[in-house]
Amino acid sequence: MSKLTTGSFSIEDLESVQITINNIVGAAKEAAEEAKELGPMGPTPFPGIATLRDWSFTLFDRYEPVYTPMCDQCCYCTFGPCNLEGNKRGACGIDMKGQAAREFFLRCITGCACHSAHGRHLLNHIIELFGEEMPINMGASNVIAPNIQLVTGRQPKTLGDLKPIMEYVEEELGQMLATIHAGQEGAAIDYDNKSMLAGVLDHVGMEVSDIAQVTALGFPKSDPDVPLVQVGMGTIDPKKPVIIAIGHNVAGVTYIMDYMEDNDLTDKMEIGGLCCTAFDMTRYKREDRQAPYAKIVGSLAKELKIVRSGIPDVIVLDEQCVRADLVQEGQKLKIPVIASNDKIMYGLPDRTNDDVDAIIEDIKSGAIPGCVMLDYEKLGELVPRIAMEMAPIRDAEGLTAIPSDEEMKALVGKCVECGECKIACPEELDIPEAMAAAKEGDINALEALHDICVGCRRCEQVCNKDIPILNVIEKAAMKAISEEKGLVRAGRGQVSDAEIRAEGLNLVMGTTPGVIAIIGCANYPAGSKDVYNIAEEFLKRNYLLVVSGCSAMDIGMYKDEDGKTLYERYPGRFEKGNILNTGSCVSNSHISGTVHKVAAIFAGRNLSGNLAEIADYSLTRVGAVGLAWGAYSQKAAAIGTGCNMYGIPAVLGPHSSKYRRALIAKNYDESRWKVYDGRNGQEMAIPPAPEFLITTAETWQETCVILAKNCIRPSDNNMGRSIKLTHWMELSEKYLGIMPEDWWKYVRHEADLPLSKREELLKKLEAEHGWEIDWKKKKIISGPAIKFDVSAQPTNLKRLCKEA
Amino acid sequence: MVDTTKNTKLFTTYGVKTSKAITTEIAAKLISKAKRPLFVIGTAGLTPEVLDRAVKIAKAANLPIAATGSSMLGFVGKDVDAKYINVHQLGFYLTDPNWPGLDGKGSYDTIITLGHYKYYINQVLTATKNFTNVKSISIDKNYIQNATMSFGNLSREDHIAALDEVIDLL
Ligand code: SF4
Ligand code: SF4
Ligand code: SF4
């Protein structure tokens, strides 16, 4: 017997009769059962702008918004441009801080919109293919949608259950976008509150995206033993026809892969990707752990480089982080560009309704430089066929932008060392110096630029000698590029409930010294090796490394003396001393989700609609710090800000100071470093950690020191604190040459001191800080401002205290 | 003398207010006259020729050093008063008149910057430029628009020669 559901129905043979069922006997019971399963509903399901403002403000009280505006001016409406320099107010009354906060907020909602629109597209597409009833499958876990559950209170079970979640995100996005309008909001801090909500919704949107694709597209499901994937520009065999996919939304590319498989083409041609589509290509249908044939070329920084190499025979675009000049660049080398998503159409003719053969003819003849193709069945056939047709034509012509040896000599010889390119280069690369050396026959300096160069071509546009500088750099780096062959573990998806149960205690006590989450893009200050160096440093120290996106790719590009990448040296479980890759950009939601799960599963806190309590738990007890060393995008701003609202601090690279807003605490102001003890509501002092919610650093070495310090949490037990202090002190000595100035502030008890240094540090506490020491017992008698109490319940929320 | 005021070319602009290009003489005068100066040296200050001059300037003008990034490594054992601080954090703390400073004696009225990525220090200095009265003097090799005063864009050789002039003038 089929089961009745609510909705409208027509009855056959009875014209004009429609029955509407609003309630069904037993439905209330079902709902009650579901509620029981979910636990009680927290205070803030489906929050709007005002709902979580108290929590944002609690955070801002300690972590103050720090504004570094990009420009003195606002030119947003026709009253302007207004000069706001010196915190002046514009014609509308907004001041410089308000404008900087608005600009930052705009980045956060843009990022959130990007992930959510991606999620919406994928969800609609996948529901069309598999239906709303398809059960969500994320692997063996009960908490399958921690972000959704935390924010909305719902626990989706089917793909259809994700629709109202998306609708909620979309509604709030509309409300928030409205407040960018001139005359909508005056207080900087209220823009900051909205940024926090946008960040939170970003994680919800990302989670919807990844749940949909993991469930329906055969992606690995919470699997620590996913296969390794080839990564790097050198992994693509240029002798075969080459398809290069760029973007973040794998929906269309799956049809290309299906066509390749159905026509036995996977070993006859190459398919490689840049940015997150690449990651999702290697997850597609790989839950069976088969090694993927799709390859990852690299991050956004490699887009122009791979095009200029002439290797691609066709480029297929979807959405996000796609260079705006690919059609023009492709055209120069007869590389057709196919746009497969209506968000990016690049002025190309829409040939969705045309015959594939006709399109191929037009592309081969050069009548069109590419086209828009929104019919995925056709896209699947079109792209591989273009690659196969274009490859021999392009090979015969030897199409590449990389100069020959002779051309190289002439180009380098043209340089007059005027320095214009150096002023224009966003990475401040000393191109003139490298050119001068190359003139003398030494191309080492030019070659060294390749890894730091983000392939933006700003330099070329200002060169009065018309030197194609990027091509010159790439020519010098030909050998290095051909050797760019690394391995990265495919995205595993979520961390399972069982893994959380096993590791939770170590995290909260601090005996696992911290979770370091390395995520984000490739706008690094000094090349991609930084992220490898940081990851290796912390893996050797037994931290738990979680990675995703372009950083995960770049970490896999480097090898040790035995030729092994970090993914080959360290396993992929959620355990100290492991490195696990959650997957693409949208898989970042599993990193925040993992932190929520620690509170929910290990500590038994109620997740549903209970954001402030869970975030408070994470901030005071879970030593997790995010690192987006090359963050460039609005999406990265939203991801980081969402983490902040969830109580997870994040460090960004120096370029990210351009986001305009950080959240930094005054580590010297003791009044900010107090929380309540949940047992009785009394105030208790905590150490100044984490010292920020979002900030930037200058070098990877400084970052190592910052990350170790900011894994410290009030809940650390003695052993945990002593392990964390050991690593922080060692890293500070290694990379800064000094003991940290303020180490003593984190000492509550002699057992907190690193074992190997205990006596020496006790002496310092006595001599430099006037602490009283019982030397017979080697114990601290008096001195610490913070008491150690193993059963204290640190919280920033008075309402959670028993006797409040 | 090196003309440190000639090339003030910017690739992009941060808006209306642009720092005044200064000679080595003025730089030296401002450094010696500051009541409560702080010498903010970034990691690019670790190249031997710059580091050597940074130490000499700090000693000649008796400047405490805020060693940002990982530049602290260069000052260990150099007999200068150097302390590590993150530069973004420093930019924020300078906006607080109650900041006890790196030595507990209070905040600063003048910062002198050297050895930074220009994009990074320009961004950090928007905090002092817009929200404080703290003067910032850049003696780096790039023209820093958001400093109060700055050298123009200099070649590596000219920059070193300019730093030597500052040392002689202190
Ligand atoms: S929005 Fe306000 S500050 Fe901006 S241009 Fe218009 S009036 Fe001026
Ligand atoms: S802009 Fe051109 S000519 Fe000038 S230094 Fe750079 S490469 Fe040489
Ligand atoms: S293409 Fe490379 S070298 Fe040229 S400006 Fe961009 S980052 Fe600098």
Side-chain angles (χ1 to χ4, degrees), chain A residues 64 66-73 81 83-88 96-97 100 417 419-420 422-428 430 432-433 458 462 525 653-658 660 662 664-669 691-692 695-706 732 735-738 740-741, chain B residues 7 9-18 42-44 46 67-77 82-89 91-93 95-96 98-102 104 115-132 142-143 145-146 153 155-156:
Chain A
E64 294 179 51
V66 177
Y67 304 107
T68 52
M70 178 57 79
C71 179
D72 299 341
Q73 299 192 106
N83 176 14
L84 308 180
E85 178 256 318
N87 208 24
K88 285 199 259 306
M96 174 65 108
K97 286 188 179 175
E417 290 161 54
E420 292 289 324
K422 191 181 162 191
I423 293 179
C425 175
E427 306 303 332
E428 301 176 20
D430 204 333
E433 195 178 70
R458 257 162 57 167
V462 297
H655 278 295
S656 302
S657 55
K658 298 171 209 165
R660 305 168 176 82
I664 305 177
K666 291 175 176 156
N667 59 11
Y668 50 87
D669 182 351
E691 280 183 311
F692 53 82
T695 192
T696 63
E698 197 171 316
T699 61
W700 71 266
Q701 293 92 335
E702 179 191 22
T703 301
C704 285
V705 183
I706 293 178
S732 180
Y735 292 122
L736 303 179
I738 47 160
E741 288 272 328
Chain B
N7 178 352
K9 185 156 191 155
L10 297 162
F11 179 68
T12 48
T13 157
Y14 294 86
V16 188
K17 197 174 169 189
T18 296
T43 316
L46 279 183
T68 71
S70 32
S71 73
M72 190 62 212
L73 263 185
F75 298 108
V76 177
K83 291 212 160 85
Y84 159 74
I85 185 167
N86 169 269
V87 76
H88 205 147
Q89 191 178 28
F92 171 45
Y93 290 179
T95 65
D96 177 10
N98 298 319
W99 179 39
L102 292 172
H116 300 276
Y117 290 120
K118 70 178 174 199
Y119 63 83
Y120 195 26
I121 197 70
N122 255 321
Q123 214 59 44
V124 168
L125 289 180
T126 60
T128 50
K129 169 178 166 176
N130 288 298
F131 311 122
T132 74
N142 301 309
Y143 178 59
Q145 184 188 346
N146 288 332
N153 297 304
S155 69
R156 191 197 301 260

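Order of the sequence lines fixes the chain letters, A, B, ..., with proteins taken first and strands second; residue numbering starts at 1 for each chain.
For the atom pair CD (A/Glu85) and OH (B/Tyr14), the distance works out to 15.5 Å, reported to the nearest 0.5 Å. One finds the CG atom of B/Asn142 at 5.5 Å from the CD atom of A/Glu428 (value rounded to the nearest 0.5 Å). Between the NE2 atom of B/His88 and the OG1 atom of A/Thr695 there is a distance of 5.0 Å, given to the nearest 0.5 Å. Rounded to the nearest 0.5 Å, atoms OG1 (B/Thr68) and CD (A/Glu702) are 7.0 Å apart. Here the CD atom belonging to B/Gln89 is positioned 5.0 Å from the CD atom belonging to A/Glu691, to the nearest 0.5 angstrom. One finds the CZ atom of B/Phe131 at 8.5 Å from the OG1 atom of A/Thr68 (value rounded to the nearest 0.5 Å).
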Go through it in stages, so that I can follow the logic: the residues are B/Gln123 and A/Thr696, the test is side chain to side chain contact (heavy atoms under 4.5 Å, CB included), and I'd like the CA-CA distance, side-chain angles, deciding distance and then a yes or no.
CA-CA 11 Å; B/Gln123 214 59 44; A/Thr696 63; over 6 Å; no
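Closest approach of B/Tyr119 and A/Pro525 over heavy atoms only: OH-CB, 3.5 Å. Counting all heavy atoms, side chain and backbone alike, B/Asn130 lies closest to A/Pro69 at ND2-CG, 3.6 Å. Shown here for B/Asn7 and A/Ile423, the closest heavy-atom pair between the two residues is ND2-CD1, 4.4 Å. Heavy atoms only, all atoms of each residue included: B/Gly15 and A/Cys71 are closest at CA-SG, 3.8 Å. When every heavy atom of A/Glu698 is checked against every heavy atom of B/Gly115, the shortest pair comes out as OE2-O, 4.3 Å. Nearest heavy atom pair, residue B/Phe92 against residue A/Ile664, reads CE2-O, 3.3 Å.
Looking at A/Tyr735, only its backbone comes within 4.5 Å of chain B, counting heavy atoms on both sides. With a 4.5 Å cut-off on non-hydrogen atoms, A/Asn667 touches chain B through its backbone and its side chain both. The parts of B/Asn86 that come within reach of chain A are both its backbone and its side chain, each placing non-hydrogen atoms under 4.5 angstrom from that chain. Neither the backbone nor the side chain of A/Pro81 comes within contact range of chain B; no heavy atoms are under 4.5 Å apart. Contacts between B/Tyr117 and chain A at a heavy-atom distance below 4.5 Å involve backbone atoms as well as side-chain atoms. Heavy atoms closer than 4.5 Å to chain A are found in both the backbone and the side chain of B/Lys118. With a 4.5 angstrom heavy-atom cutoff, A/Val462 touches chain B only via side-chain atoms. When heavy atoms are compared at a cutoff of 4.5 Å, B/Val76 approaches chain A solely by way of its side chain, counted from C-beta outward.
The residue among A/Glu741, A/His655, A/Gln73 with the most heavy atom pairs within less than 4.5 Å of chain B is A/His655. Put simply, of B/Val124, B/Asp96, B/Asn153, B/Val87, the one with the most heavy-atom pairs under 4.5 Å next to chain A is B/Asp96. When each of A/Gln701, A/Glu427, A/Met96, A/Lys88 is scored by its heavy-atom pairs under 4.5 Å with chain B, the top score falls to A/Met96. Note: A/Asp72 leads A/Asn83, A/Asn87, A/Asp72 in heavy-atom pairs under 4.5 Å with chain B. Most heavy-atom pairs under 4.5 Å with chain B, from the set A/Gly737, A/Ala100, A/Ser657: that is A/Ser657. Most heavy-atom pairs under 4.5 Å with chain B: of the set A/Pro426, A/Pro654, A/Pro432, A/Ala662, this distinction falls to A/Pro654. The choice from A/Ser732, A/Ala665, A/Pro740, A/Ser656 that makes the most heavy-atom pairs within less than 4.5 Å of chain B is A/Ala665.
Proximity of A/Arg458 to B/Phe11: side-chain heavy atoms (C-beta onward) are separated by under 4.5 Å at one or more points. Between B/Asn98 and A/Lys666, the closest side-chain pair of non-hydrogen atoms is not below 4.5 Å.
B/Thr43 and A/Thr699 share no donor-acceptor pair across their side chains, judged by distance under 3.5 Å alone.
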